[in-house]
Protein chains: 2
Amino acid sequence: MVEPSHAEEFAETILSNETERKPGSERAEKDNRTMSALLNLLGKKHTIVILHQFATGEGPLRFSDLEEAVDIAPNTLSNRLKELTRVGLLTRRAYNEIPPRVEYDSTEKAKDLAPVFWYLGVWTERHDLESTPLDELA
Amino acid sequence: MVEPSHAEEFAETILSNETERKPGSERAEKDNRTMSALLNLLGKKHTIVILHQFATGEGPLRFSDLEEAVDIAPNTLSNRLKELTRVGLLTRRAYNEIPPRVEYDSTEKAKDLAPVFWYLGVWTERHDLESTPLDELA
DNA sequence: CTGAATCCGGTCCGATACTG
DNA sequence: CAGTATCGGACCGGATTCAG
């Protein structure tokens, strides 16, 4: 119920010629570097799961929320959150209160990354990830 | 030039009501497990980059092709390829020839996962991953 | 009481050398 | 060419400890 017409919105984005690939363009180098950095970041453990939490939910998330939702060690979670805020995918806001409260929220860049996770959800509805033990590998 | 109308094809898939989310359905549990397994798999290092190679290219890829395209150690690449074939995202076909030849190809499931990587490319064209050194973190 | 730094043990990953 | 074996290093998990 959060995003009723997420599909249509996504489809618009896709069909707009603004997002068309321009093969051989001069921005290809920078894009490749960005892509490489992005993939390298997503490759680190639990990064995708964390971003998935922000993509599915809507409001800001607290440290403890992520800690119980993701099943991740606190130090690793701390590192991931630092990295994600560093690259501008998350914002960190700390309140000087008792008990202390720190809220992480997704930036526009991260929100624009949400369709990826949305389509991942679509994929899981149509496919399965059966684990063939050890057959055609040997 | 590889996929001329990938965007349109993708948009069709998205707008088809077949892919609509059914909140609170009974398949949610299985989907969550599949999603978790998928995210856990994609979270492993270089998995996304490997799948990205199969998504952008069209034909089958050989071991050496991936080895030079992804910059990955051969043992790790071997493990990833085993995992991906295990879950049914890749197919492995070995020819008893000299020199030996092994071709990996993406299955339908993997092809259906391609839009994710395609949109990742769109994202990198519109955004950047600037690395704010150490500011709002302290 | 929450967020996060620290130390240590385990696992995963990279580089090279080597085999079929 | 397509992997495997081995080892060293980076990363991750868990518990404790600290700061606010």
Side-chain angles (χ1 to χ4, degrees), chain A residues 36-37 39-54 59-87 90-106 134-138, chain B residues 36-37 39-54 57 59-87 90-106 132 134-138:
Chain A
S36 181
L39 292 180
N40 189 34
L41 182 65
L42 294 175
K44 306 189 94 171
K45 218 158 196 176
H46 296 288
T47 311
I48 305 184
V49 193
I50 291 172
L51 287 177
H52 177 64
Q53 287 293 319
F54 283 98
L61 291 176
R62 305 184 55 173
F63 193 92
S64 50
D65 295 335
L66 293 164
E67 198 172 3
E68 66 177 273
V70 177
D71 182 51
I72 183 178
N75 46 17
T76 307
L77 178 57
S78 180
N79 289 330
R80 291 298 167 276
L81 291 175
K82 277 182 192 169
E83 294 168 3
L84 290 174
T85 45
R86 189 101 61 103
V87 299
L90 293 182
T91 57
R92 179 197 138 99
R93 174 164 300 186
Y95 301 88
N96 281 354
E97 301 174 357
I98 292 179
R101 180 163 54 106
V102 179
E103 288 184 345
Y104 294 91
D105 208 339
S106 52
L134 285 164
D135 290 339
E136 55 203 309
L137 309 176
Chain B
S36 181
L39 292 180
N40 190 33
L41 182 65
L42 294 176
K44 306 189 92 169
K45 217 157 195 175
H46 296 287
T47 311
I48 305 184
V49 193
I50 292 172
L51 288 176
H52 179 64
Q53 287 294 318
F54 283 98
L61 291 175
R62 306 181 57 170
F63 193 92
S64 52
D65 296 335
L66 293 164
E67 199 172 3
E68 66 177 273
V70 177
D71 182 50
I72 182 178
N75 45 15
T76 307
L77 177 58
S78 180
N79 289 330
R80 291 296 168 276
L81 291 174
K82 279 180 190 170
E83 294 167 4
L84 289 174
T85 43
R86 189 104 58 106
V87 298
L90 294 181
T91 57
R92 179 196 138 102
R93 174 162 300 187
Y95 301 87
N96 281 354
E97 301 174 356
I98 292 180
R101 180 164 54 106
V102 179
E103 288 184 344
Y104 294 91
D105 209 339
S106 52
T132 306
L134 286 164
D135 290 339
E136 56 204 310
L137 309 177

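Sequence lines set the chain letters: A, B, ... in the order given, protein chains first and strands last, and positions in each chain run from 1.
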Side chains of residues 61-75 of chain A: which donor-acceptor pairs under 3.5 Å do they make with residues two or more places apart or in other chains?
residue  : atom : partner   : partner atom : Å
Arg62(A) : NH2  : Pro100(A) : O            : 3.3
Asp65(A) : OD2  : Arg62(A)  : N            : 3.0

For Arg101(A), which residues count as a salt bridge (Lys or Arg N to Asp or Glu O under 4.0 Å) partner, sequence neighbours excluded?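 Here the qualifying residues are Glu97(A), Glu103(A).
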Could you run through nucleotides 14-20 of chain C and give me one letter per nucleotide, 5' to 3': B if any protein heavy atom sits under 4.0 Å from the base, S if only the sugar-phosphate is that close, - if neither? BBB---B
Using a cut-off of strictly less than 4.0 Å, decide whether Arg101(A) has a side-chain nitrogen or oxygen near OP1 or OP2 of dT2(C).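 No, Arg101(A) has no side-chain N/O under 4.0 Å of OP1/OP2 on dT2(C).
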Pick base, sugar-phosphate or nothing for Tyr104(A), based on heavy-atom distances below 4.0 Å to the nucleic acid.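 Answer is sugar-phosphate: Tyr104(A) comes under 4.0 Å of backbone atoms only.
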Can you tell me which nucleotide in dA5(C), dG3(C), dC12(C) comes closest to the side chain of Arg80(B)?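 Given the options dA5(C), dG3(C), dC12(C), the side chain of Arg80(B) is closest to dC12(C).
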Taking atom [atom1] of [X] and atom [atom2] of [Y], what is their separation to the nearest 0.5 Å?
| X | Y | atom1 | atom2 | value |
| --- | --- | --- | --- | --- |
| Leu81(B) | Thr76(B) | CG | OG1 | 10.5 Å |
| Asn79(A) | Arg86(A) | CG | CZ | 9.5 Å |
| Leu39(A) | Leu42(B) | CG | CG | 10.5 Å |

5' to 3' on DNA chain D, which nucleotides open and close the contacts with chain A (atom under 4.0 Å from a heavy atom)?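 Result: dC12(D) to dG20(D).
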Residues two or more places apart in sequence or in another chain: which of them pass side-chain hydrogen bond (donor to acceptor under 3.5 Å, both in side chains) with Glu83(A)?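 For Glu83(A), the residues satisfying side-chain hydrogen bond (donor to acceptor under 3.5 Å, both in side chains) (neighbours in sequence not counted) are Lys44(A), Arg80(A).
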How close or far is atom P of dC12(C) from atom NZ of Lys44(B), stated in whole angstroms?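 My rounded result for the distance is 7 Å.
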Take the protein atom CG of Leu77(B) and the nucleotide atom C1' of dC13(C), then report the distance between them rounded to whole Å.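 Distance check: Leu77(B) CG to dC13(C) C1' gives 13 Å.
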Test side-chain contact (heavy atoms from CB on, under 4.5 Å) applied to Asn40(A) - qualifying residues, sequence neighbours left out: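 Checked Asn40(A) against side-chain contact (heavy atoms from CB on, under 4.5 Å); matches are Lys45(B).
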Mind checking what makes side-chain contact (heavy atoms from CB on, under 4.5 Å) contact with Ala94(A), not counting sequence neighbours?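 Result, side-chain contact (heavy atoms from CB on, under 4.5 Å) vs Ala94(A): Arg92(A), Val102(A).
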